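Report on the following structure.
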Amino acid sequence: MEAKGIPVLELFGPTIQGEGMVIGQKTMFVRTAGCDYSCSWCDSSFTWDGSAKQDIRWMSAREIEHELDQLGTATCSHVTISGGNPALIKQLSELIEVLHARGIEIALETQGSRWQDWFMDIDELTLSPKPPSSNMITDWALLDPIVEKLTTGRRNFSLKVVIFDEVDLDYARIVHLRYPHADLYLQAGNHDVIEANRDVLLQQLIERYMWLIQAVMTSSDFKKVRVLPQLHTWMWGNKRGV
Ligand SMILES: C[S@@+](CC[C@H](N)C(=O)[O-])C[C@H]1O[C@@H](n2cnc3c(N)ncnc32)[C@H](O)[C@@H]1O
Ligand SMILES: Nc1nc2[nH]cc(C(=O)O)c2c(=O)[nH]1
Ligand code: SF4
Ligand SMILES: [Mg+2]
């Protein structure tokens with residue numbers, strides 16, 4: 001696997017980061033293939049369900065750098081790595097090194113099910129443990145040491161929990177109680193990752209975001225928390241590569 005490089009499914013941007021701790025940031029995306037989870041509502045299931053298997057490109061760090069140059073390093077100095085779960089890929093350390101040498105800042109999205117030593121080099125790391133609606137089970141024995149290492153290493157990281165219902169909110173309470181010193185973002189879930197009409201989707205997204213805002217505002221468990229929508233979904237709906 002190592003010799004084959006990094007499995008890439010999408011390179012796109014510059015666009016705005018639509019989620020979490022760097023929302024609004026002008027960034028380019030590297031989306032890797034493969035995930036150890038299979039969330040019921042995953043909006044990027046093509047990265048792991050086999051449907052885009054033929055589109056996976058095994059690329060070296062230099063090849064990715066070259067394509068990012070063609071996309072826009074002249075106009076953008078930030079890259080977000082997402083997936084799938086990029087934390088499955090040890091050899092991402094090479095890409096991180098190459099991009100940092102160019103003065104490019106790096107954000108990364110992962111669910112917190114695996115550790116990589118290169119987590120310590122990420123400029124903005126988002127850990128997104130999954131609530132019950134995903135049908136995934138959080139392995140706290142794995143997540144605890146990840147949060148611990150990032151905290152003691154004084155890394156810039158945050159927790160982001162996607163919320164679909166009250167049960168998910170209860171899960172977010174547990175996350176917040178367990179890691180009270182970590183920044184917590186609550187993100188309204190997109191219930192319909194199939195809808196092709198942006199305006200139809202947007203009406204639902206606004207309603208779900210409103211519900212989440214109201215639920216959090218009246219809760220004494222969430223005194224210090226940020227509540228966000230998925231901004232790119234508001235702008236472009238379920239379109240890929242934006
Ligand atoms: C596609 S995942 C890839 C990175 C990593 N596997 C993870 O889940 O953190 C990127 C982000 O999108 C979120 N996400 C996936 N499907 C979603 C949906 N239907 N609505 C809202 N957020 C979603 C995930 O929770 C995660 O925070
Ligand atoms: N614009 C934009 N922002 C994003 N933030 C997280 C994304 C992801 O799929 O990980 C994403 C994405 O796919 N597009
Ligand atoms: S962990 Fe992320 S990529 Fe994997 S199935 Fe869940 S949302 Fe999708
Ligand atoms: Mg996404």
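Quick note: numbers below take in every heavy atom, side chains included, and nothing from hydrogens, waters or symmetry partners. Predicted model only: the values in this text are computed from it and were never measured. Order of appearance sets the numbers: ligands from 1, and atoms from 1 within every ligand.
- Contacts with ligand 1 closer than 4.0 Å are made by no heavy atom of T126, backbone or side chain.
- Counted by atom type alone, D43 and Q230 present one or more donor-acceptor pairs between their side chains at under 3.5 Å.
- With hydrogens and angles disregarded, no donor-acceptor distance shorter than 3.5 Å links the side chain of S134 to the backbone of C39.
- Taking the centre and axis of the six-membered ring of F12, the NZ or CZ atom of R31 falls outside the cone set by 45° and 6.0 Å.
- Any N or O atom pair closer than 3.5 Å counts here, and S82 shares at least one such pair with ligand 2.
- At most 12 heavy atoms of other shown residues, nucleotides or ligands fall within 6.0 angstrom of atom CD in E97.
- Scanning all protein heavy atoms for the shortest distance to atom 20 (N) of ligand 1 gives N190 N, 2.9 Å.
- Below 3.5 Å of separation, one finds no N or O of S44 facing any N or O of ligand 1.
- Side-chain atoms of N238 and W236 include no donor-acceptor pair closer than 3.5 Å.
- In this structure, the separation between CG on N197 and CD on Q203 is 10.5 Å, given to the nearest 0.5 Å.
- Where the criterion is an N or O separation shorter than 3.5 Å, residue side chain and backbone included, R31 meets it with respect to ligand 2.
- The nearest N, O or S atom of C39 is not closer to atom 4 (Fe) of ligand 3 than 2.8 Å.
- A salt bridge does not link R57 to E63: none of the charged side-chain nitrogens sits closer than 4.0 Å to a carboxylate oxygen.
- Atoms of ligand 1 lying under 4.0 Å from any heavy atom of Q187, numbered from 1 in the order shown and given with element: 21 (C), 22 (N).
- Looking at ligand 1, you won't find any N or O of R31 less than 3.5 Å from one of its N or O atoms.
- Every atom of ligand 2 with a heavy atom of I16 under 4.0 Å away is listed here by number and element: 1 (N), 2 (C), 3 (N).
- From the protein, the heavy atom lying nearest to atom 9 (O) of ligand 1 is T110 C, 3.2 Å.
- Taking every non-hydrogen atom of G18 and a distance limit under 4.0 Å, the qualifying atoms of ligand 2 come out as 1 (N), 2 (C), 3 (N), 4 (C), 5 (N).
- Ring planes of H176 and F222: parallel class, angle under 30° (limits at 30 and 60°).
- Shown in contact with G189 at under 4.0 Å from a heavy atom are these atoms of ligand 1, numbered in order with element: 20 (N), 21 (C).
- At under 3.5 Å, not a single nitrogen or oxygen of N85, backbone or side chain, sits near a nitrogen or oxygen of ligand 1.
- In this structure, atom 8 (Fe) of ligand 3 lies nearest to the protein heavy atom C42 SG, 2.3 Å.
- At a threshold of 4.5 Å between non-hydrogen side-chain atoms, the residues V227 and Y185 do not count as touching.
- Residue G84 has at least one heavy-atom neighbour below 4.0 Å for each of these atoms of ligand 1: 3 (C), 4 (C), 5 (C), 6 (N).
- Q111 and D36 share a donor-acceptor pair across their side chains, judged by distance under 3.5 Å alone.
- Some N or O of Q17 is nearer than 3.5 Å to an N or O of ligand 2, by distance alone.
- Proximity of S44 to ligand 3 is not established, as no heavy-atom distance is less than 4.0 Å.
- Against a heavy-atom cut-off of under 4.0 Å, V162 is close to the following atoms of ligand 1: 21 (C), 22 (N), 25 (O).
- Summary of contacts: the protein heavy atom closest to atom 5 (C) of ligand 1 is Q111 OE1, 3.3 Å.
- Contact annotation for D43 and ligand 1: heavy atoms of both the backbone and the side chain come within less than 4.0 Å of the ligand.
- Those atoms of ligand 1 that come under 4.0 Å of a heavy atom in C42, given as number and element, are 16 (N).
- For Q25 (side chain) and Q17 (main-chain N/O), no donor-acceptor pair under 3.5 Å exists by modelled atom type.
- Of all heavy-atom pairs spanning W115 and D117, the tightest one is NE1-OD1, 2.8 Å.
- A donor-acceptor contact shorter than 3.5 Å links the side chain of R155 to the backbone of I122.
- Using a 3.5 Å distance cut-off with no hydrogens or angles, the side chains of H100 and D123 do pair a donor with an acceptor.
- Counting heavy atoms closer than 4.0 Å to ligand 2, residue V242 contributes backbone atoms (N, CA, C, O) but none from C-beta onward.
- There is a side-chain donor-acceptor pair under 3.5 Å between T80 and T27.
- Residue, atom and distance of the protein heavy atom nearest to atom 4 (Fe) of ligand 3 are C35 SG, 2.3 Å.
- The shell of residues lying under 4.0 angstrom from ligand 1, judged by heavy atoms, excludes H191.
- Side-chain N/O atoms of S133 and Y171 include no donor and acceptor closer than 3.5 Å.
- The contact set between ligand 1 and G83, taken as ligand atoms under 4.0 Å from a residue heavy atom, comprises 1 (C), 3 (C).
- Here the protein heavy atom with the shortest distance to atom 19 (N) of ligand 1 is W41 O, 2.9 Å.
- For ligand 3, the atoms lying closer than 4.0 Å to a non-hydrogen atom of Q111 are 1 (S).
- Summary of contacts: the protein heavy atom closest to atom 2 (Fe) of ligand 3 is K130 CE, 4.1 Å.
- Residue contacts with ligand 1: S82 is placed with no nitrogen or oxygen under 3.5 Å of a nitrogen or oxygen of the ligand (distance criterion only).
- Few gaps surround CZ on R173; more than 12 heavy atoms of other groups in view lie less than 6.0 Å from it.
- Of all the atoms in ligand 1, the ones that sit under 4.0 Å from a non-hydrogen atom of K160 are 27 (O).
- Each of the following atoms of ligand 1 lies closer than 4.0 Å to a heavy atom of S128: 9 (O), 25 (O), 26 (C), 27 (O).
- Proximity annotation for atom 24 (C) of ligand 1: of K130, E19, M136, R208, K130 comes nearest, heavy atoms only.
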With side-chain hydrogen bond (donor to acceptor under 3.5 Å, both in side chains) as the test, would you mind laying out the steps for K130 and S128 before giving the verdict?
-> CA-CA 6 Å; K130 297 298 176 261; S128 182; 3.0 Å; yes
